[in-house]
Amino acid sequence: MNSYKITTLNDFIILRQKDFPFAKGELSSLLSHIGTAAKIVNKKINKAGLVDILGRAGMVNVQGENQQKLDVFADKVFTDALRSSGECCGIATEENQNEIVFSDKLARKGNYVVCIDPLDGSSNIDYNVSVGSVFSIYRRITPRGEEVNNEDFLQDGTQQVAAGYIIYGSSTMLVYTTGNGVNGFTLDPSIGEFCLSHPCMMSPPDGRIYSINEGNYIYFPQGIKQYIKYCQEKDESTGRPYISRYIGSLVSDFHRNLLKGGVFLYPPVENMPEGKLRLVYECNPIAFIAEQAGGAASDGRRRILEIRPESLHQRSPLYVGSENMVNKVLKLLI
Ligand code: AHM
Ligand code: MG
């Protein structure tokens with residue numbers, strides 16, 4: 001009989017607890033609550049075509065975007081899971097103007113805050129296209145026992161203690177880092193567990209995929225227009241012309257490029273001079289994972305992780321992926 005060795009997400013989190021010599025298992029517990037919330041959201045997404053959860057919820061979020069019903073659902077599931085974890089004292093999410101402070105006694109003693117986009121790329125959901133969730137975890141700055149405030153959430157990306165994403169695609173995966181490499185887990189629906197499927201994920205230093213919304217071409221900075229031209233030129237020594245792939249779901253576009261080698265670009269455009277993506281809960285977690293996998297992430301001038309956020313929903317240009325490809329973009333942007 002074959003033997004099957006399975007490492008579940010929870011097994012792995014416990015195994016890795018020793019990476020943090022002074023840790024008391026709080027971060028592990030938090031990650032495991034995120035894994036559970038992801039399974040609940042996944043279940044709902046799988047049923048999206050069957051029950052009445054597609055389409056707009058009739059509300060507008062803080063970015064002025066129509067909230068999709070699943071956005072609202074995912075936001076609530078992650079919020080409730082983190083609130084009940086006992087380790088998290090507050091969260092910032094794409095769907096809420098201000099941070100949510102968990103003020104009960106248990107939560108106030110929690111050591112961590114979480115910044116999360118509960119359902120990224122949700123405008124794709126009605127069309128059966130992959131969406132994701134993306135999160136960052138920070139150690140609080142304010143003393144334990146007090147209520148958290150804005151400064152706990154506006155930390156540089158370098159201060160992240162963990163970051164990850166869940167991709168709800170043809171299979172569901174959870175990928176995360178605690179600063180010791182990147183590991184990926186695939187949800188096995190038959191046992192309802194995330195199982196280690198992609199240990200020690202590494203970004204190829206070079207790749208052939210570029211991902212950008214070329215519909216915005218006329219608004220792009222000159223350097224980005226030059227980069228697109230470079231990608232489309234013929235040069236056998238570098239494998240050009242490259243391949244253009246753009247789903248319009250950051251998590252999915254980044255995930256594919258991480259596995260295959262590629263670069264994702266969201267530059268400034270006319271009506272969004274800082275680009276579209278949000279620094280605190282989209283760019284930072286993706287940048288942390290990219291760097292941990294040997295890749296790079298920049299806003300064109302600075303390392304994403306070194307930008308000090310000034311507000312929760314601040315936007316930033318994002319160039320992320322294979323290191324040599326990001327460096328080529330940066331050279332043309334100077
Ligand atoms: P959202 O958080 O409202 O879903 O928006 C973020 C998404 C990203 O997943 C994706 O990379 C980007 O928006 C796509 O934007 P565009 O449609 O302008 O190309
Ligand atoms: Mg988003």
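Order of listing sets the numbers, starting from 1, for every ligand and every atom in it.
- Which parts of ligand 1 touch Ser122 is read off a 4.0 Å heavy-atom cut-off, strictly below it: atoms 4 (O).
- Checked by distance only, ligand 1 and Leu277 stay at 3.5 Å or farther apart across all their nitrogen or oxygen atoms.
- The shortest N or O to N or O distance between Ser249 and ligand 1 is not under 3.5 Å.
- Taking distance alone, with nitrogen or oxygen atoms compared against 3.5 Å, Arg278 approaches ligand 1 more closely than that limit.
- Thr8 and Glu193 are not linked by any side-chain donor-acceptor pair at a separation below 3.5 angstrom, with hydrogens and angles left out of the test.
- No more than 12 heavy atoms of other residues, nucleotides or ligands lie within 6.0 Å of NZ in Lys76, so this atom counts as exposed by the packing criterion.
- In this structure, a donor-acceptor pair under 3.5 Å is present between the side chains of Ser249 and Asn124.
- Looking at Thr142 and Asp152, their side chains do bring a donor and an acceptor atom within 3.5 Å of each other.
- Considering the Mg ion (ligand 2) as centre, the angle to OD1 of Asp120 and to OE1 of Glu94 is 160° (10° rounding).
- Within Asp117, the N, O or S atom at minimum distance from the Mg ion (ligand 2) carries the name OD2.
- Ring orientation note: the planes of His313 and Tyr281 are nearly perpendicular, at an angle over 60° on the 30°/60° scale.
- Neither the backbone nor the side chain of Tyr281 comes within 4.0 Å of ligand 1, counting heavy atoms alone.
- Each of the atoms 16 (P), 18 (O), 19 (O) of ligand 1 lies under 4.0 Å from some heavy atom of Asn213.
- Less than 4.0 angstrom separates some heavy atom of Tyr246 from each of these atoms of ligand 1: 14 (C), 15 (O), 16 (P), 19 (O).
- Some N or O of Gly121 is nearer than 3.5 Å to an N or O of ligand 1, by distance alone.
- Checked options Ile91, Leu82, Ile137; the residue passing with Tyr112 is Ile137 (criterion: side chain to side chain contact (heavy atoms under 4.5 Å, CB included)).
- For the ring-ring contact (aromatic ring centres under 6.0 Å, His included) condition, the pairs that include at least one residue of residues 198-234, sequence neighbours left out, are Tyr227-Tyr230.
- Between the side chain of Arg208 and the backbone N or O of Gly239, at least one donor-acceptor pair lies under 3.5 Å.
- The nearest N/O/S atom of Glu282 to the Mg ion (ligand 2) is OE2.
- Panel note: side chain Asn183, backbone Cys200; a donor-acceptor pair is recorded below 3.5 Å.
- Within the set Lys276, Glu95, Met272, Glu94, the minimum heavy-atom distance to atom 2 (O) of ligand 1 is found for Glu94.
- If you number the atoms of ligand 1 from 1 as listed, the ones under 4.0 Å from a heavy atom of Glu282 come out as 2 (O), 6 (C).
- Heavy atoms of Ser123 come nearer than 4.0 angstrom to ligand 1 in no pair at all.
- Within a 6.0 Å radius of CG in Asn128, no more than 12 heavy atoms belonging to other residues, nucleotides or ligands are found.
- The Asp117 neighbourhood of ligand 1 comprises atoms 2 (O), with distances under 4.0 Å to a heavy atom of that residue.
- The aromatic rings of Phe12 and Tyr176 lie perpendicular to each other, with more than 60° between the two planes, well past the 30° mark.
- Residue contact check: Phe264 has heavy atoms under 4.0 Å from atoms 11 (O) of ligand 1.
- Per-residue contacts place Leu250 under 4.0 angstrom from the following atoms of ligand 1 (heavy atoms of the residue considered): 8 (C), 9 (O), 10 (C), 11 (O).
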